[in-house]
Amino acid sequence: MTVAATEKIRTFFDGFGGKVTPFLLLDYDGTLAPFRVDRFQARPWAGVRELLTRIQQQGRTRMAIISGRPAHEIGPLLGIDPPLEVWGLHGAERLFPDGRSELQPEPEAAREKLKMLRALLKCDSFGGLFEDKANAAVMHWRGASVCMARHIEKRTRAMFEPLAGTGGLELLEFEAGVELRIGRDKGGAVEAILGEADADAPVAYLGDDCTDEAAFRAVNQVGGQSLSVLVRNQWHDTAAGLWLRPPVELRGFFEDWIRTLERCR
Ligand SMILES: [Mg+2]
């Protein structure tokens, strides 16, 4: 890690103290857990579950997961008890730790268009993996050959792009896939969560993919101490202010978080 990165982390943790509740907002896939072609096998990096459990047990941090998955998929994979609050579907859905959930309402016209796409893609998904979400139609090509991935992407874009920007539908690109969706993005989820925070609360958001960029930008606009963190092994162009390579530097960051809160008890 560079001297500048170490300094950024130190400055961020200097903002902890007093009665302030820091916010730790986390993407799941690629950030807390390595990718798997079968996404139901994507378990956290070694040690991450234990570190997050310790942060939870300290009772000083407000934690939430913000994921593109349906929110209910996260709890069983993350394996933290009691479960964390999860904002699913990139922020369109909120699942509280007590099991209550909220889904943003969809405009009727968009719902009809998505219904039509689902019917078509269930018959022919061009060799990709079609995922049917409550607010979106999603195509994945993770694990496909380069040639096949190109074919799936081309066919999917030809179907999705004419509908993007109409009736509330938006195209969302991510690594090895694309989705046509309605509702809040991860930046909107961060803003909604921080709407419930004290203005001087330190906030960190950790994510790995292009869908996390909206969340990075939202965190960067926070007035107090904030840290937007790109977690991935290969750098890519990003609005994030810090780059951590998982799992070693990620674990180090959580260990620093725990130590900082222990010190300012
Ligand atoms: Mg991710």
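What you are looking at is a predicted structure, and each value in this text was computed from that prediction instead of being measured. Order of appearance sets the numbers: ligands from 1, and atoms from 1 within every ligand. No hydrogens, no waters, no symmetry mates; every other heavy atom, side chains included, goes into these values.
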Classify the ring geometry between Trp257 and Phe12 as parallel (under 30°), tilted (30 to 60°) or perpendicular (over 60°). tilted
Could you confirm whether Asp209 has any N/O/S atom lying under 2.8 Å from the Mg ion (ligand 1)? no
Apply salt bridge (Lys or Arg N to Asp or Glu O under 4.0 Å) to Glu108 and list each qualifying residue two or more places apart in sequence or on a separate chain. Arg111
Do His90 and Glu179 pair up side chain to side chain, a donor and an acceptor below 3.5 Å, judged on atom types alone? yes
Asp27, N/O/S atom nearest the Mg ion (ligand 1): OD2
If I consider every N, O or S atom in Asp208, which one ends up closest to the Mg ion (ligand 1)? I only need its name. OD1
Report the atom name of the nearest N/O/S atom of Asp29 relative to the Mg ion (ligand 1). O
Closer than 2.8 Å to the Mg ion (ligand 1), do we get an N, O or S atom from Asp212, backbone or side chain? no
Taking only residues two or more places apart in sequence or in another chain, which ones pass side chain to side chain contact (heavy atoms under 4.5 Å, CB included) with Ala137? Leu114, Leu117, Leu121, Phe130, Phe160
Ignoring hydrogens and geometry beyond distance, is a side-chain donor-acceptor pair present between Ser67 and Lys186 at under 3.5 Å? no
Any N/O/S atom from Glu175 (main chain or side chain) under 2.8 Å of the Mg ion (ligand 1)? no
